[in-house]
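I have placed the structure first, in the form of structure tokens, so that the comments after it can refer back to it.
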Amino acid sequence: MTLYLLCFALFLVGLYGIMTKRDLIKIILSSGIMGYAVNLMFVLLGYRRDAAYPILEKGKEVAVMVDPLPQALVLTSIVIELGTTALLVALAIRLFQKYKTYDITKIRRLQG
Amino acid sequence: MNLPVFIIIPLAAAFLITLAARKKEGGSAALSILAAAVLVGLSVYALFFLKGATLVAEIGGWKIPIGIPLVLDSLSAFMLLMVNLIALTSLVFSFDYIRHLWPDWKYYALFMILLAGMNGVLLTGDLFNLFVFMEIALLAAFALVAYGGRSHEFEASFKYAVMAAVSSSLILISIAVVYGATSTLSLAKIAEAFPGLAPHLQLWIGGLLLAGLSLKAAVMPFHAWLPDAHSSAPAPISAMLSGVLIKTLGVYTLIRLFYNVLGAPGLFLNAFLVLGAVSILLGVVLAVGQWDFKRLLAYHSISQIGYILLGMGLGTTLGMAGALFHIFNHALFKSLLFYNAGAVEMGLGTRDLRKMGNLTRLMPVTAHTSMVASLSISGIPPFNGFFSKLVIIIAAVQAKQPVFAVFAVVGSLLTLASFMKVQRYGFRSERPVEALQSRIGGGMKLAMIILALLCVLTSLAIVPGIREWALDPAVQAVMNKAGYIRLVLGGQ
């Protein structure tokens, strides 16, 4: 249970960063932290104490195994996050070229 | 019918555009219009000729608890027709509109990826797969919002991407909780296991899904990204985003998950009612004060999504019929209004209502179709918007929720006021316009005329006889909660 709570705390750190930081790069990092917290939670869900890796081999006994599905899901979600982060960084670069700053209080062509 | 074609055709078109079609002038536009036309044909077939049958395709031959199924029921077919129809008109409109921006093959390739993602969301029968298709559609949408390459477009796109990252994380957590509680990700299996879960787990799952999906649908407290993103995108993309993307990723998934999977829990239906009423009123109040035409339309999208949520939250068959009908109608008239905004922006070079003038002589098609769309969205009788709003209001009174009916009526009056302002200043003011900057192409006129005609024709869907044929199967698919599990899992 403690692990899940720590995981949730990590998620809240990311959310706090997105809400309060004024620097584009820090916002991107915060969204990354939020993603890591979710991935960590997925891996924790599949974890079994003293379990083996989930691959059947010749001569290996069928014993308690780690649940492989969350691991597959985490791989997918990491790839998606990579794509989103790359896009965010590209947008931040273009914004820097236009405004010469990373400070979102100075990037305010749009209201609301 | 082979279900994966709905996803394969747009993806293959995107691939072929980047590979080959871009080398020829107009090749990428022709290929994407062809793909969208084929998809419209297939979805007409799926909606009208399958007689409400539910098709399940097991990808790779893996049975349901292991593999990822694609499911086509009447609700999916209804939404598929809407998405592909708007995509086709949007592509026809883009043909003349997008030429003055960047090299256009990138635009068409991204558009096809957006379409593939949306069709995937509508067809999938697996919770994690739903998330993946959502992200595919969203990544294409971020790039398309920033397509014009001006500074405020990058700003809107960045805001949109960060908000979408938050909502995706919330949805991913809810998927983790669902998997931890039920050990399955297939929607039908989750629906089977869900009533047996502990009440606090049900609340966690519902609450996380509601927060994540409301962010995608831009319901009122979660709306901050929408006016920027939808008003900064190129006009045909604004039409796609406002007309179908928020409905596919937000409203359709809310309906599918909360009705067919979670079994329409009363607490969340009440949450829909309250969120819907708040969105209707605040969205329209913020819209009345806007002078930027596209921003005004974007705020109206929030308000109209409120009507749909109100109809969903009533939990009655009539309310759901009104909500689904309004989803379709809103896609038609809101896309038409965004095309009008795009045509005016191309003709006059401005989106500010105060700088427009009397356009009835120089741009007759735009001016007259904008009148049709304005009357539709404000709910004036012969047009489709009137009938869907009327159904929602009657359903609210019948469900003993007269307060929410009052919200809907007041919202409709304010909508009428704000569109009178649009017509008064934007299209029919006293100040004449002498000359246009550039001419409106034939494709743009064609797209606007098609949608204006459909705005009138779809009001026929309320006539008994046509209604049983067009609208009722989709409503049945939503309201029949146990039916979804039975139909998808078959004899298992």
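Lettering of chains follows the sequences in order, A, B, ..., and the numbering in each one begins at 1.
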### Query
Side chains of A/M41 and B/V177: does their closest heavy-atom pair fall under 4.5 Å?
yes
#### Entry: Contact origin within A/L44 toward chain B - heavy atom pairs under 4.5 Å
neither
### Task
Using a cut-off of under 4.5 Å on heavy-atom pairs, state which of A/T76, A/D67, A/L45, A/V38 scores highest against chain B.
A/V38
### Query
What are the two closest heavy atoms between B/E155 and A/Y99, and how far apart are they?
OE1-OH, 3.2 Å
### Message
Taking atom CH2 as the centre, does B/W291 end up with more than 12 heavy-atom neighbours from other residues, nucleotides or ligands that are less than 6.0 angstrom away?
### Response
yes
### Query
Roughly how far apart are A/E81 CD and B/S168 OG, rounded to 0.5 Å?
9.5 Å
### Summary
Cut-off 4.5 Å, heavy atoms of chain A, and the answer for B/F154 is both
## Note on the structure
Between B/S169 and A/M34, the two heavy atoms sitting closest are OG-CE, 3.4 Å
### Task
Carefully, step by step, assess B/L172 and A/F42 under the rule side chain to side chain contact (heavy atoms under 4.5 Å, CB included).
CA-CA 9 Å; B/L172 208 52; A/F42 260 110; 3.6 Å; yes
### Task
Step through the shown structure and confirm whether more than 12 heavy atoms of other residues, nucleotides or ligands are within 6.0 Å of CZ on B/F15.
no
### Summary
dist A/L87:CG -> B/S157:OG (nearest 0.5 Å) comes out at 6.0 Å
### Task
Name the member of A/I80, A/V79, A/I104, A/L73 that forms the most heavy-atom pairs with chain B at distances under 4.5 Å.
A/L73
### Query
Considering heavy atoms only, which positions within residues 8-21 of chain A lie below 4.5 Å of chain B?
A/F11, A/L15, A/I18
### Query
How many angstroms lie between atom CG of A/L95 and atom CD of B/E153, to the nearest 0.5 angstrom?
11.5 Å
### Task
Determine the minimum heavy-atom distance between B/G149 and A/K98, stating which atoms define it.
O-NZ, 3.1 Å
### Message
Can you confirm whether more than 12 heavy atoms, excluding those of A/R22, are under 6.0 Å from its CZ atom?
### Response
no
### Query
Which atoms of B/L185 come close to chain A, meaning under 4.5 Å heavy atom to heavy atom: side chain ones, backbone ones, both, or neither?
side chain
### side chain to side chain donor-acceptor pair (under 3.5 Å) partners of residues 30-41 of chain A, not counting sequence neighbours, each pair once
A/N39-A/S77
#### Entry: Listed partners of B/T18 passing side chain to side chain contact (heavy atoms under 4.5 Å, CB included), at least two apart
B/W105, B/A109
### Task
Heavy-atom distances under 4.5 Å only: say whether A/L88 touches chain B with side chain, backbone, both or neither.
both
### Query
Non-hydrogen atoms of chain A under 4.5 Å away: do they reach the side chain of B/F158, the backbone, both or neither?
both
### Non-neighbouring partners of A/D23 that pass side chain to side chain contact (heavy atoms under 4.5 Å, CB included), sequence neighbours left out
A/I25, A/K26, A/Y102
